[in-house]
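All values derive from a computational prediction rather than experimental measurement. Within every chain, numbering begins at 1; the chains are lettered A, B, ... in the order of the sequence lines, protein sequences first and strands thereafter.
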Amino acid sequence: MTGQPPRPLLSVDEITVAYGPVTALHGVSLQVSEGEIVAVLGPNGAGKTTLLRTLAGALRPRHGQIWLDGKRLDGIVPEEAVRRGIATVPEGRLVFPGLTVEENLQLGAISRRDRQAIRAEIDELFSMFPILGERRAQPAGTLSGGEQQQLSIGRALMARPRVMLLDEPSLGLAPIIVGQIFALLRDLRGRGATLLLVEQNVHKALEIADRAYVLSVGRVVTSGPARTLATGELERMYLGMSRAR
Amino acid sequence: MVSPSEFAQQLVNALSLGSIYALLALGLSMVYGVLGMLNFAFGELVTITAYTMLFLANHGAPFPVMAIGGVFAAVIASILMELVAFRPLRGASFVTLLFTSFAVAELLQNVFRQAISSRPKGVPVPSLFDNAVRVGSVRIGVLPLITAGVGATALVLLTLFMRRSRSGIAMRAASQDFATARLVGVRANRVISLAFAISGLLAGIAGVLWISRTTAVQPTTGFVPILEAFIASVIGGLGNLRGAVAGGFFLGALEVFLQATLPGKILPFAQAVALLIVVAILYVRPQGLFGRRVEAKV
Ligand SMILES: Nc1ncnc2c1ncn2[C@@H]1O[C@H](COP(=O)(O)OP(=O)(O)OP(=O)(O)O)[C@@H](O)[C@H]1O
Ligand SMILES: [Mg+2]
């Protein structure tokens, strides 16, 4: 796209976040526009999870501001962030193992009041993820890793978020499942979803992202259109970084 | 040998005592599940129920009004307890919260002593409770029958609430993973207040049944109920709601069995013997008879 860029839906302005004496993010800024997929890349310990947790209200920035559609978002509690339109697919999936698949999805809609629509959307999700439909009455803890990841994404969708934060959704999954998860994300984009995607799978992430930011030791070291980053520069940076997991 | 009639009576006794213990253990476990704290002031909710019943009786209220009033008082007291004593300490260590709950219990007992009396007071209950009904050739006490019925109904309704309602699902999620529950939108304060409200409701129902057996109240009335609740929920695996119910019925059955079988000289120590058996069980299975190991909460 050329010309005047649209006002970003989510805007992170110079945030600094610390765990006690350990500063994990130093003045990080980024923007996400409506309908965009923005990737956040970087090696282990770069601060990617810290960034998402801060956006979700689980951590409070020491400095800086977060804006969602013109309203301040920093300093609010997680349950409030969900109501403002931020849904998280957390690192390690974190479905509720003792709740059934269907209960996990109902919980995703806990911030909503429109019960009729919720019912319909759960059914819609079951046709989107037939495996989850088959296992709707099963405890989520009995699902495979890939199925749990689908459920975690489905749970976030149930909140009808304006921005969905995904923390390494492909982590620990077999390649064929990773392919399915990325196909799902592409599908979500087709439906107009706005995604902020943290990934260690750089190639796959840059394939579907519009833009990307690279974090290293708590700072944004590079950012730009995914296509530009996919060639050259980033590859070189990454080759020098530990990809060990 | 035990006659069939005697057996049936003891069975109902076990179910009746067991359902009181199950309600108590659930009340304690409910809060432990969500907050990871042991509320030792839980027993005082039973005492508050009892004094409320006494107060209403003194003002001429019939028993059903006494009972409903007593349960209501326990619910309010439980919610207030959390708001006033525990909420300011949100996030404090397990030990801090534990000692705070001891302090709350101690404080309430002193208030009862100063404001009411340190001596036991009789709580009037319907004389109907002492009767027995005849089922075929078997005579069964009315109170144990009512107790088992009320207990079972409360357990079924609570199960339905926890399984079917949105609040119930939110509470179960919060007790599995509190931080993630907030991340999906469960309101922390609301779910904690709800846990205390249900805990108070259970203490109140169990309290009415308990006082109907003992027909008296004094400042330390809550001690035995909290002890039994604690033992039963530890047997069931702390924080495990199904385990708490199972632990309660197990403990009830054990005590009734010991009452019926121990020789006369040891009989006064039946409760101590029961406790000994429970300690032995926990020595072999520290996670409880029914629980998997529950990790400590933040
Ligand atoms: N709870 C915590 N307490 C203290 N320090 C923490 C905590 N969580 C993370 N950190 C530190 O903050 C920094 C950033 O961690 P973060 O988890 O955000 O990195 P990440 O980019 O998500 O890494 P990974 O790729 O391993 O998931 C690291 O140095 C980490 O050690
Ligand atoms: Mg991370």
Test item: B/Ile169 and A/Leu99 side chains (from C-beta on) under 4.5 Å apart, heavy atoms: yes

Let's go through A/Thr100 and B/Arg163 carefully: what are the C-alpha distance in whole Å and the side-chain angles of both, what is the deciding distance for side chain to side chain contact (heavy atoms under 4.5 Å, CB included) to 0.1 Å, and is it a yes or a no? CA-CA 10 Å; A/Thr100 65; B/Arg163 303 216 144 268; 5.8 Å; no

Other residues, nucleotides, ligands: >12 heavy atoms within 6.0 Å of A/Ile131 CD1: no

For A/Ala87, is it the side chain, the backbone, both or neither that has a heavy atom under 4.5 Å from a heavy atom of chain B? neither

Which bit of B/Ala188 is near chain A, if near means a heavy-atom gap under 4.5 Å: side chain, backbone, both or neither? both

Does atom OH (B/Tyr283) have a neighbourhood of more than 12 heavy atoms from anything else shown, all under 6.0 Å? no

Short question: side chain of B/Arg166, backbone of A/Ile110 - any donor-acceptor pair under 3.5 Å? yes

Heavy atoms, side chains only, cut-off 4.5 Å: are A/Val95 and B/Gln176 in contact? no

For each of A/Ala156, A/Ala159, A/Ala56, A/Gly98, tally heavy-atom pairs with chain B at distances under 4.5 Å, and name the one with the top tally. A/Gly98

Based on non-hydrogen pairs under 4.5 Å, which of A/Glu80, A/Arg115, A/Met158 is most in contact with chain B? A/Arg115

Around atom CZ of B/Phe99, are there more than 12 heavy atoms of other residues, nucleotides or ligands at under 6.0 Å? no

Could you report the tightest heavy-atom contact between A/Leu107 and B/Ala173, atom names first, then the distance? CD2-CB, 3.2 Å

Is it the side chain or the backbone of A/Ile118 that comes within 4.5 Å of chain B heavy atoms, both, or neither? side chain

Does any heavy atom of chain A fall under 4.5 Å from the side chain of B/Arg164, the backbone, both, or neither of them? neither

Closer than 4.0 angstrom, basic N to acidic O: yes or no for B/Arg187 and A/Glu79? no

A/Arg60 CZ: over 12 foreign heavy atoms closer than 6.0 Å: no

Less than 4.5 Å to any heavy atom of chain B: does that hold for the side chain of A/Arg53, its backbone, both, or neither? neither

From CZ (B/Arg182) to OG1 (A/Thr88), nearest 0.5 Å: 12.5 Å

For the CZ atom on B/Arg242, are there more than 12 heavy atoms of other groups (residues, nucleotides or ligands in this structure) within a distance under 6.0 Å? no

Hey, does A/Val82 have a side-chain heavy atom less than 4.5 Å from the side chain of B/Val184? no

Please say whether more than 12 non-hydrogen atoms of neighbouring residues, nucleotides or ligands are located less than 6.0 Å from CZ in A/Arg119. yes

